[in-house]
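Please read the structure below before turning to the comments.
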Amino acid sequence: MGVDKVAGNSSLETDDVVHLLNRRSLLLAGTAAAAASTFGVIPTSAQQSSAQAVASAPDHYHPKGKPPSTHTINIQNALRNSMPFDDKLDFEEAKKGFIAAPPYRQIKAEAGHVAWDIGKYDFLLQGKDFDSIHPSLQRMAILNMGYGLYEVVPDAIFQVRGFDLANISFIKSNTGWIIFDPLTAKETAKAALDFINQRLGSRPVVAVVYSHAHGDHFGGVRGVVDEADVRSGKVKIIAPEHFLEHAVSENVMAGNAMSRRLAYQYGAVLPASPYGHVDQSIGKTTAAGNTGLIAPNVEIKQAFEELTIDGVAMVFQNTPGTESPAEMNTYFPQWRAFWSAENVTATIHNIYTLRGAMVRDALAWSKHINEALWRFGQEAEVMFASHSWPRFGNARVQEVLRGQRDTYAHLNNYVLFLANQGVTVNEVHNVYQPPKSLQNKWYARSYHGSEFHNSRAVINRYIGYWDCNPATLTPLSPSDSAALYVEMMGGASRIMAKGRELFDRGMYRHGMEILNKLVYAEPNNQEAKDLLADSFEQLGYQYESPSLRNSFLAAAKELRDGYQPGAKLKSAGPDVVRAMTTGLFLDFLGVRVDSKKAEGMKFIINVDMPDINEQYLVEMSNATLTNIKGRQAKNPDLVMTLNRSDLETVMAGESSFDALVSSGKVKLSGDLKVLADLRSVVVQFNPAFQLMPGTVTGTTPLQSAQVDPFEQPEPELLAE
């Protein structure tokens, strides 16, 4: 609303600028030139030439792409002219303790492709303001260019930053390293360990801590430890209670949809460019290497739990239901250092993450921060985290903890204040604002989250998606309602004319509203899709949150090009699949049953896994597959006996169920037709489904003839 108001005028009035700044809370700090001076050293002449080429030829990567419009440029300039230039504390803290950067900008994967390339973002280091990037987002993107080894606490705590989406932290113990969060990929984690050992002297890894159950915080573990050492107890892997369950389960039941949606939130199809992907707010992007998972052998179960490993005393704070269903902070009393995991970084996070996940509890999040503030924050002299950069000095630590606590609490409380006065889920994102006292605080900015989707999430968490208007309770599907709208608006030509007029006036959200109807009504109308893409693109340039920017720009690209799958990189081993409980595997098998094909089927299977002493009763009735652990039916249709270890080979695609039967590893007694019936109704999901109208041509089969229906698709190790 505020963007359209300013963008719709040929010149900016003072009231318009004030309205824009207050509405979007866009008081900024620093300039591109000043910021780039912090990270502006590019190691080699070849990399300098590459970066200079980007700076001298900032052409749009797409032939249909548009530069920032006059309206977008006016908005960006209004923001730059309102920046408090004296606030450079983030840049000072980000470079504090810098030891060295490696001589390389790329890290290769074992398969030969590039797993990590910080150099492709070097266009950010040229001291140029890009009108195609929200000034606040550009500032954050520059801060996230920190690359190399940093000392957080003298001769005690170190971080390697810029090797992956997350940071990897090294705690110096009596005889080795305790690693916190070993990144997404084996290759980047190994490179970080090699680099710190080269610079500070080689030390063995004695323990690994997983702060929480997202893939960018454990996926690289095989790059830093050997599983045999974990199994023997030589190396401790420490994680919060229920870590293993949530590391897998959060991305299974709707995993196919999540991975497809992730391409929008994370801009997976966008090249690094001033017009494309520039940052992810909590880091640059995720590494594309081999991911793995080694189960923890130490679980933190209490709300607060003390543990000493190799001379390092740690106090763990379990914070379930915050940024991850299983997460924990850590305090190091001997150094007065507080590790805030991903609960307190340099952004207000997602209450609802656009890739899709259960809505998080903003109030509980604020309460866990409050507990940390009063238990640890009163004496902590440094706060460091799994993303962003540390905060130094007790006053600064308390300021950030208090500010983030209040931002999450205010988000919860004031949205409900509005809801209790009749503001609905379809309106609140245009009404909610954080308190003015926090609007110009960098640590209270909603980069990873956004006020748009976080405010709606709070209402959805408490009272659901319905706005209490019966017209929205049983609405037509967009593809059905769109034709009616198009007819009533006078047809495609009138909508296109109005859409162009709104675009020319900079009223992109208004134009998006009507063009979206036309595209749903006429999904093959490429001219309409192109104009909608143009509107999406300008809005993407204007948004501060990378989640919003990437989603709008990715949708624009898909409208122009159609669906184009990105590279699908398989992890090195079946770690995540094997970590699934049998119950979760059977639950997801139920999700993959085509109930239309299963109509009329009835059977009961007793499943016995003697190697782990588990039994399940699996029943098909009413076209629904259910299971219950620890039960066996008296008169089942089929009895199936197999070891869990053998089932894992099928789940991981290393063997087929038929092969296990043929080899005698599966014993079957009863009606063997039951197994054939089950196989006939279980499908494998295909991620090539349509998000924007007219972007997927033809139909893609759900089931591949080459894939065993009982094979478990490997869950994505999704970040955040």
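Note that the structure is predicted; figures quoted are calculated from it, not measured. Numbers here are sequence positions counted from 1. Only heavy atoms go into these numbers, but all of them, side chains included; no hydrogens, no water, no symmetry mates.
Contact check on Glu151 versus Arg199 returns no salt bridge, with no Lys/Arg side-chain nitrogen under 4.0 Å from an Asp/Glu carboxylate oxygen. Asp117 and Arg105 are not joined by a salt bridge, as no carboxylate oxygen comes within less than 4.0 angstrom of a charged side-chain nitrogen. In this structure, Glu614 does not pair ionically with Arg644, as no charged nitrogen and carboxylate oxygen lie closer than 4.0 Å. A salt bridge does not link Arg402 with Asp406: none of the charged nitrogens is closer than 4.0 Å to a carboxylate oxygen. Under a 4.0 Å N-O distance rule, the pair Glu227/Arg231 qualifies as a salt bridge.
In this structure, a donor-acceptor pair under 3.5 Å is present between the side chains of Ser173 and Asp310. Between the side chains of Gln302 and Asn318, no donor-acceptor pair is found at a separation under 3.5 Å. A side-chain donor from one of Asn394 and Gln398 sits under 3.5 Å from a side-chain acceptor of the other. Residues Glu544 and Ser136 bring a donor and an acceptor atom of their side chains to less than 3.5 Å of each other. Side chains of Asn343 and Glu323: a donor-acceptor N/O pair is absent below 3.5 angstrom, by distance only.
One distance of note links CD1 of Ile99 with CG of Leu200; it measures 5.0 Å at 0.5 Å rounding. A distance of 10.5 Å separates OH of Tyr121 from OG of Ser273, quoted to the nearest 0.5 Å. A distance of 5.5 Å separates CG in Leu193 from CZ in Phe170, rounded to the nearest 0.5 Å. Distance CZ/Phe338 to CG/Leu373: 9.0 Å, rounded to 0.5 Å. Rounded to the nearest 0.5 angstrom, Ser547 OG and Asn350 CG are separated by 5.0 Å. Remark: Ile282 CD1 to Asn167 CG distance equals 10.0 Å, nearest 0.5 Å.
Aromatic pair Phe384/Trp339: ring centres closer than 6.0 Å. In summary, the aromatic rings of Phe163 and Tyr147 are positioned with their centroids under 6.0 Å apart.
Scanning both residues, Thr407 and Ala444, for their nearest heavy atoms gives OG1-CB, 3.6 Å. Closest non-hydrogen pair, Ile133 versus Pro274, comes out as CG1-O, 3.5 Å. Of all heavy-atom pairs between Pro182 and Val224, the closest is CB-CG2, 4.1 Å. For the residue pair Ala579 and Leu244, the shortest heavy atom distance occurs at CB-CD1, 4.0 Å. Contact detail for Leu401 and Gly377: the closest heavy-atom pair is CD1-CA, 4.2 Å. Contact between Thr286 and Leu165 at its shortest, heavy atoms only, is CG2-CD2, 3.6 Å.
In this structure a side-chain-to-backbone donor-acceptor pair under 3.5 Å is present from Arg261 to Leu354. In this structure a side-chain-to-backbone donor-acceptor pair under 3.5 Å is present from Gln126 to Asp122. Proximity of a side-chain donor or acceptor of Asn643 to a complementary backbone N or O of Asp646 within less than 3.5 Å is not detected. Looking at Thr581, its side chain does come within 3.5 Å of a backbone N or O of Leu584 through a donor-acceptor pair. For Asp164 (side chain) and Ala166 (main-chain N/O), no donor-acceptor pair under 3.5 Å exists by modelled atom type.
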- Is there a side chain to side chain contact (heavy atoms under 4.5 Å, CB included) between Arg549 and Val278 once you walk through the steps? CA-CA 10 Å; Arg549 173 189 174 90; Val278 299; 3.8 Å; yes
Exercise for review: Evaluate the criterion side chain to side chain contact (heavy atoms under 4.5 Å, CB included) for residue pair Thr285 and His277; output intermediate values, then yes/no.
Suggested key: CA-CA 9 Å; Thr285 187; His277 194 274; 4.1 Å; yes
Does the pair Phe332 and Phe180 meet the rule for a ring-ring contact (aromatic ring centres under 6.0 Å, His included), with working shown? CA-CA 13 Å; Phe332 300 88; Phe180 272 63; 5.7 Å; yes
- For Ser211 and Asp181, what are the C-alpha separation, side-chain angles and deciding distance, and is it a side chain to side chain contact (heavy atoms under 4.5 Å, CB included)? CA-CA 6 Å; Ser211 70; Asp181 288 3; 2.7 Å; yes
Could you please spell out the steps behind the side chain to side chain contact (heavy atoms under 4.5 Å, CB included) verdict for Ile238 and Ile309? CA-CA 10 Å; Ile238 306 163; Ile309 299 289; 4.1 Å; yes
Open item on the list: The test is salt bridge (Lys or Arg N to Asp or Glu O under 4.0 Å); show your working for Glu654 and Arg578 and say whether it passes.
Closed with: CA-CA 12 Å; Glu654 297 171 347; Arg578 285 176 172 152; 3.1 Å; yes
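Taking the six-membered ring where tryptophan is involved, the planes of Phe218 and Phe243 are perpendicular, since the angle between them exceeds 60° and thus also 30°. Under the 30°/60° scheme for interplanar angles, the aromatic rings of Tyr447 and Trp442 are found to lie parallel. His349 and Trp365 have tilted rings, their planes meeting at an angle from 30° to 60° on a 0 to 90° scale. Ring orientation note: the planes of His217 and His214 are tilted relative to one another, at an angle of 30° to 60°.
Considering only heavy atoms from C-beta on, Gln265 comes within 4.5 Å of Thr353 through its side chain. Contact check for Gln159 versus Trp389: no side-chain heavy atoms found under the 4.5 Å cut-off. Side-chain contact between Val298 and Leu307: present, with at least one pair of heavy atoms (C-beta onward) separated by less than 4.5 Å. Between Leu149 and Gln198 there is no side-chain heavy-atom pair separated by less than 4.5 Å. Side-chain contact between Met140 and His448 is absent, with no heavy-atom pair separated by less than 4.5 Å. Residues Met609 and Leu647 meet the side-chain proximity criterion, which asks for heavy atoms closer than 4.5 Å. No side-chain heavy atom of Tyr150 sits less than 4.5 Å from a side-chain heavy atom of Lys96. Between Val221 and Leu293 there is no side-chain heavy-atom pair separated by less than 4.5 Å.
The side-chain hydrogen bond (donor to acceptor under 3.5 Å, both in side chains) test with His387 singles out one residue from Glu342, Gln280, Arg161, and that residue is Glu342. The salt bridge (Lys or Arg N to Asp or Glu O under 4.0 Å) test with Asp90 singles out one residue from Lys95, Arg396, Arg445, and that residue is Arg396. Put simply, the residue from Thr322, Asn370, Ile369 that forms a side-chain contact (heavy atoms from CB on, under 4.5 Å) with Tyr408 is Ile369. Exactly one of Met328, Met314, Glu306, Glu241 qualifies for a side-chain contact (heavy atoms from CB on, under 4.5 Å) with Ile300. That residue is Met328. For the pairing with Asn329, the side-chain contact (heavy atoms from CB on, under 4.5 Å) check across Gln317, Met383, His212 returns one residue only, Gln317.
At least one cation-pi condition fails for Lys172 and Phe158: the charged atom is not both under 6.0 angstrom from the six-membered ring centre and inside a 45 degree cone around its axis.
Crowding of Gln334 atom CD: a count of heavy atoms from other residues, nucleotides or ligands under 6.0 Å exceeding 12.
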